[in-house]
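Here's the structure, in structure tokens; my notes come after.
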Amino acid sequence: MLLRNPAVGRLVAEGFPLFMQHLSGTKGVDTDTSREMIADVSHNGGRDVFLVSADYDGDRRKVYLKFYDPRTEEIRLWYDDTGHLPYCYSREPKEKLMRNPHIKGNKSVLRLEKERKIDALRDKKIWVTKISATDPLAIGGTGFSLREKIDVWEADIKYYVNYLFDRDLQVGRAYKLIDGKITGSTIYIDQHLQQIASDAMQDMNEDEKAAFNQWVEILAADIPSFRRVAFDLEIYTEERNRIPMATHASDPIVSVSFCGSDGLRTVLLYDREGDIEKDQFHGTEFDVEIFRDEKKLVTSALEILRRYPFVVTFNGDSFDLPYFYRRCINLGIPRKQLPFKIGRRDARIEWGVHIDLYRFFFNRSIKGYAFGDKYDVISLNEISENLLGRGKIILDDHLSAVGPRLLVEYSFRDSELTYELTSFGEDLVMRLITTIARVSNMTLDDVCRLSVLNWIKNRVIQVHRNRGYLVPLKEEIKRKGGQRYTKPVTKGKKYVGAIVVKPEVGVHFDVCVVDFSSLYPSIMKEYNISYESVNCPHKECRGTTVPGTGHWVCTLKRGMVSELVGNIRDVRVKVFKHMARSEALDDETREFYNVIQQALKVVLNASYGVFGSEQFPFYYLPAAESVTMYGRHVIQDTLAHCEAQGMKVIYGDTDSLFLQRPEEEQIADLAEWVEKNHRLDLEIDKIYRYVAFSSRKKNYFGVTESGTVDVKGLVGKKKNTPQLIRAAFRRVLDRLREVQTVDDFEEARKDVQGMVREAEEKILRGDFEKEELAISTTLGKALAAYTKTTPQHVKVARLLEREENRHVVAGERMIYLKTTTKPGVKPVEYCNKEEIDVPKYVELLRSTFEQLLDAIGLTLEREAPQYSSLESFM
DNA sequence: GCGGACTGCTTACCT
DNA sequence: ACAGGTAAGCAGTCCGCG
């Protein structure tokens, strides 16, 4: 049966069997509108709709799917009509289970069925018993669930997730809803892309082609534009420093602002005192609606929200939505008129998808790989300043004390920024979320709330289901054994990672950087790394050992994770990277493919690491260790080969080698050699006009042929280095950028020396604002958690709490100065310029530049610059 | 009591 | 809540020192 979006029409239950209507109660069921619904189906049934989400309806005891229709811009809800039930597995035979007291008298258990599965760890067919139950809570989630009573498998997969897997539904894919059935819609793919894809498939066998094609179809399909609204609440609080609590919602909502993809720009304002005049809002870039009654305001806000299939917030999971929900209840609105699902950690909307951008931007993979660590504090202000170039409105006073005009401006700006965070760069964030949903086959709601580990886990479980494997328990994988062979170099780590080649100190001209493209994912693909394929049960595979370990790798069957990672890697490298660079496409189209390519990279980059994370249900150290072992093996072997061929390797890190003036032909031969001997791709990453290394690893700068400067790891770049020092550092690099030849260096060294001196004198003279010397350090954890030592930024934080009555939380940055007075540090705003410990800063400046000066052969103390014998590096 | 050698903690970076 | 490797600064500890 097809149910229309309640936001638009009313819930309709066409064709509901009678007993089901009974079960589902009265909620939303309205037979009067069913005729309207039928008309709707015949008229619109053949249209493409995108699967975006799914959930479980506890009243109806059914899974329902959320399809987005880009033409009407509505969500269509689809309730299960197949009688699918929640279930889990037991390895006990059916007959024995039937005698088990937890099964026998259990009213929730509906069916026991024998089923054939494959035991992944033993690679054997086994019989299991599928236990079907009336509702998901019978399986897991309460203290009385089966999961707590007997040994069961696959009991912690969420029910709607199981449903998507079992019905072979693909999130983000286009479907048609015709005659009460979900059918996959034909996917049209750009011709150019089709050509590239079919070229890539040339050498594949039929199975590989099928898998490859499927991934291309999933990922290349159009992404619709999502109709959405961003919203934001403001609360009136009597006391100044009280943070309103979502669990009580005891303070009134004074404003609700909306910014929609359809151009909606509105603030609903609550006029508590009855003294607000409409004409105060002339000239605003949004509408203001004034309410004398808070209940009318929230009712109106709810109506607006429900017009949109996607609701976007910043922190709506833990604040805006739960507060709004509670407040509505406090104001006497019946619960059943409030289609929210407010959980302990998240807030969902029944009529569509709620995207909480706080959760999304908090994600470390998103922050790092998708946005290059451009923001570090997860706040609306910080993120929008860094990604949009515009931040929140700064208030001088407490929000509850400002006048209505400023209040609405402030409020609207918040929802405007929230909306723009989803719209900038041609809806970059929406595309990213959709692409990750496609890769992980996870609902959009879950994608933006969960980590990369969960994205991968979800898809890996689906591979199990498709291949007929029973998902093993964590303990089973742990018990499988295969001890660790390497002892970690670093304390607190579990195994050995990558190699860093010691750099050759000095300046090197004409350096070619080669790297192994996606080294670890490629290793996983080529060397068949998965939790079940490393140390597999077959005797005949034992000879295929991972070099330097006692681990062996399966030669009979393709490991599940190896296959998955291989497919994603191939489709990224062979299709989407090409498309993102294709000259035949316009900028916008290239950017579309670039987002896909980037999203795949995020997932690939984490695919090895998850094997070393205890949170991962397929955690298996021998798999992680084998990947890095192969990695070290490959790079060392390649390095040796380079030297044997007369090439000089001056540096290397994990998957890269810096080669000094290699011949073009040598590089081509090298790539061929790598392909032949290690089955991996080696490519030229970049060419530096020159690179300068100090003796430190992960610490250099290089100037490319086009004149851009790469700075890696140097303290002068780090964000906790004082501004004044960073600025001097930048000036120096700008000067070094101009160096073209060895001879240019003489002049450059003199200039650099002068620039450092100048900065030093500036500090000594006191020719600076105190803010320029401020050090800012992130408070990595809650204040109370610093029990071993008291670092300087913690001293500052404690001082703020003690003396300024401020509350400091993890993730905040402490901004302070080093002083000659008492504890040696002081928050910048309470520090006098006279207290500043000048010699300390001179020392800091010197040590910052030391890294750079070491590299270019300069020593500060001397009058005349000391030259390094450049010739020796040529 | 004080300073140097050392270890450990913490942050920020690289791949 | 993907991993390990590296640099740097400071906090804290131990030891020698008539």
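In what follows, chains carry the letters A, B, and so on, assigned in the order in which the sequence lines appear, proteins first and then strands, with residues in each chain numbered from 1. Below, each value reflects all heavy atoms present in this structure, side chains not excepted, and no hydrogens, waters or symmetry copies.
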C:dC10 OP1/OP2 closer than 4.0 Å to side-chain N/O of A:Thr790: no
Sugar-phosphate, base or nothing in reach of A:Tyr520, heavy atoms under 4.0 Å: nothing
Sugar-phosphate, base or nothing in reach of A:Val501, heavy atoms under 4.0 Å: nothing
Sugar-phosphate, base or nothing in reach of A:Ala498, heavy atoms under 4.0 Å: sugar-phosphate
Short side-chain N/O contact to B:dA12 OP1/OP2 from A:Lys698, under 4.0 Å: no
Side-chain N,O (A:His793) to OP1/OP2 (B:dT10) below 4.0 Å: no
Touch class at under 4.0 angstrom, heavy-atom based, for A:Ser656 against every strand present: nothing
Touch class at under 4.0 angstrom, heavy-atom based, for A:Lys788 against every strand present: sugar-phosphate
Proximal nucleotide (of C:dC2, B:dT15, C:dA8) relative to the A:Val715 side chain: C:dA8
Side-chain N,O (A:Lys491) to OP1/OP2 (B:dT7) below 4.0 Å: no
Below 4.0 Å: OP1/OP2 of C:dC2 and any side-chain N or O of A:Lys457: no
Between A:Arg569 and A:Ser522, a side-chain donor and acceptor under 3.5 Å: yes
Distance test, side-chain N/O of A:Lys717 to OP1/OP2 of B:dC14, below 4.0 Å: yes
Length of the CG-P vector between A:Asp373 and B:dC13, whole Å: 8 Å
DNA chain C: 5'-proximal contact among A:Arg449 and A:Asp653 (nearest heavy atom): A:Arg449
Sugar-phosphate, base or nothing in reach of A:Gln792, heavy atoms under 4.0 Å: sugar-phosphate
d(CG, A:Asn454; P, C:dC2) in whole Å: 8 Å
Atom pair distance, as rounded to whole Å: NZ in A:Lys781 and P in B:dT11: 6 Å
Sugar-phosphate only, base, or nothing, as touched by A:Glu614 at under 4.0 Å among non-hydrogen atoms: nothing
Main-chain N/O of A:Arg459 paired to A:Asn441 side chain as donor or acceptor, under 3.5 Å: no
Separation of B:dT11 C1' from A:Tyr816 OH (nearest whole Å): 10 Å
Nearest-neighbour nucleotide for the A:Ser451 side chain, B:dA12, C:dC2, C:dA7 considered: C:dC2
Exercise: do A:Asp653 and A:Ser656 side chains pair donor with acceptor under 3.5 Å: no
Exercise: do A:Ser613 and A:Gln615 side chains pair donor with acceptor under 3.5 Å: no
Selected nucleotide, minimal atom distance to A:Lys795 side chain, candidates B:dC14, C:dA11, C:dA8: C:dA11
Out of B:dC13, C:dA1, B:dC9, whichever nucleotide has its closest atom nearest the side chain of A:Gln615: C:dA1
Under-4.0 Å side-chain N/O to phosphate OP1/OP2 contact, A:Arg696 with B:dC14: no
From C:dG9, C:dC2, C:dG4, nucleotide with atom closest to A:Arg364 side chain: C:dC2
A:Ser847 side-chain N/O to C:dG9 phosphate OP1/OP2 under 4.0 Å: yes
Touch class at under 4.0 angstrom, heavy-atom based, for A:Tyr369 against every strand present: base
Whether A:His551 side chain and A:Pro547 backbone form a donor-acceptor pair below 3.5 Å: no
Out of B:dC9, C:dA7, C:dC2, whichever nucleotide has its closest atom nearest the side chain of A:Lys718: C:dA7
Touch class at under 4.0 angstrom, heavy-atom based, for A:Val627 against every strand present: nothing
Atom-pair distance (OH on A:Tyr700; P on C:dA7), nearest Å: 14 Å
Among C:dT6, C:dC2, B:dT15, the nucleotide that comes nearest once only the side chain of A:Lys697 is considered: C:dT6
Check: A:Thr821/A:Glu835 side-chain N/O donor and acceptor closer than 3.5 Å: yes
Length of the CE-P vector between A:Met629 and C:dG4, whole Å: 15 Å
Sugar-phosphate only, base, or nothing, as touched by A:Gly609 at under 4.0 Å among non-hydrogen atoms: base
Aromatic plane relationship, A:Phe618 with A:Phe616 - under 30° parallel, 30 to 60° tilted, over 60° perpendicular: perpendicular
Side-chain N or O of A:Thr778 closer than 4.0 Å to phosphate OP1/OP2 of B:dA12: yes
Closest nucleotide among C:dA7, C:dC2, C:dG5 to the A:Val500 side chain: C:dG5
Spacing between A:Lys818 atom NZ and C:dA11 atom P, to the nearest angstrom: 8 Å
Pair A:Arg449 + A:Asp356, salt bridge at N-O below 4.0 Å: no
Separation of B:dG8 C1' from A:Tyr786 OH (nearest whole Å): 15 Å
